[in-house]
Amino acid sequence: MGLSDIITRVDAATLAADRAPGSVELIAVSKVQPPERVEAVLEAGQRMFGENRVQEAAGRWPTFQERYAGITLHLIGPLQTNKARQAVEMFDVIQTLDRPKLATTLARLSDERGQSPEVFIQVNTGAEAQKAGILPEETDAFVAEVRQLGLPLAGLMCIPPVDEDPAAHFTMLAQMAERNGLTGLSMGMSADFEIAIAMGATHVRVGSAIFGTRAYELV
Ligand SMILES: *Cc1c(COP(=O)(O)O)cnc(C)c1O
């Protein structure tokens, strides 16, 4: 696979969906990948990356950021409240806002800092017990709450259940965003980003198809 193939496929899917060229952002998910693979993708010109863990990101991105200008970092893994300060300092975008307490904490830290990362609300579209995200039926109220707190809300994010047709989940997320007046839709991974683009994704999160298989999976 590799970066250039994925860029070609993102562009083709965007065109096929009759959407404006460049309307889909490609987030290269570098979690767990060895630094030399990340470096190769940086050398190839990619600047938007996703990491799952604050700790892992803090360990390597400051060095890359000294060497490459214009990097944008998205947090796409669950965020514990006690790591929120570090996350606000490191990440340009936090995609995994999923509970009121975290929203309050992020708003307070952003006020202190005079600057806030953009946020996406993660929706647990499959209502899976083991998965993070706000439940679909609680999403509209949570959107209002996040806006009330003054956080820059960019849109919604989801990770569909592995054993289900992702299209139904992407459609649900798109409808929830639309009725809440939100334009950002972070959905689609290596296996299904083209489907997500057809359903309106503005951000796709692609890891293994760019970097190769991960040596292990985060749980
Ligand atoms: C790991 C991960 C991805 C990328 O998964 P691939 O299947 O490797 O593309 C995307 N989004 C989230 C939230 C992830 O945790």
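Atoms within each ligand, like the ligands themselves, are counted from 1 in listed order.
Comparing A132, S30, S208 against atom 7 (O) of ligand 1, the shortest heavy-atom distance belongs to S208. Relative to atom 8 (O) of ligand 1, the option among M157, R214, Q33 with the closest non-hydrogen atom is R214.
Taking 4.0 Å as the cut-off between side-chain N and carboxylate O, K131 and E128 count as a salt-bridged pair.
Every atom of ligand 1 is numbered from 1 in the order shown, and the set under 4.0 Å from a heavy atom of V206 is 9 (O). In the vicinity of R205, heavy-atom distances shorter than 4.0 Å reach the ligand 1 atoms 4 (C), 9 (O), 10 (C), 11 (N), 12 (C), 13 (C). Under a 4.0 Å criterion applied to the non-hydrogen atoms of I76, ligand 1 contributes the atoms 11 (N), 12 (C), 13 (C), 14 (C). Set against the non-hydrogen atoms of G207, the atoms of ligand 1 under 4.0 Å away are 4 (C), 6 (P), 8 (O), 9 (O).
Considering only heavy atoms from C-beta on, L106 comes within 4.5 Å of L79 through its side chain.
Paired with M157 under the rule side-chain contact (heavy atoms from CB on, under 4.5 Å), one option of T96, V123, I121 passes, and it is T96.
The hydrophobic clustering, which links ILVMFWY residues whose side-chain heavy atoms are closer than 4.5 Å, places L3 and I27 apart.
On a distance-only criterion, I159 and ligand 1 share no N/O pair closer than 3.5 Å.
Nearest protein heavy-atom contact of atom 10 (C) of ligand 1 is M189 SD, 3.2 Å. Distance from atom 2 (C) of ligand 1 to its nearest protein heavy atom, with residue and atom name: K31 NZ, 2.6 Å. The nearest heavy-atom contact from the protein to atom 9 (O) of ligand 1 is S190 OG, 2.5 Å.
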Salt bridge (Lys or Arg N to Asp or Glu O under 4.0 Å) between E194 and R9, worked out: CA-CA 8 Å; E194 282 142 325; R9 286 171 59 190; 2.9 Å; yes
side-chain hydrogen bond (donor to acceptor under 3.5 Å, both in side chains) evaluation trace for Q46 with Y68: CA-CA 10 Å; Q46 175 69 21; Y68 298 89; over 6 Å; no
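Between W61 and F49, the angle of the ring planes lies from 30° to 60°, which puts this pair in the tilted group.
Defined by atom type and a distance below 3.5 Å, a donor-acceptor pair is missing between the side-chain atoms of H203 and S186.
Q95 does not count as a contact of ligand 1, since none of its heavy atoms falls under 4.0 Å from the ligand.
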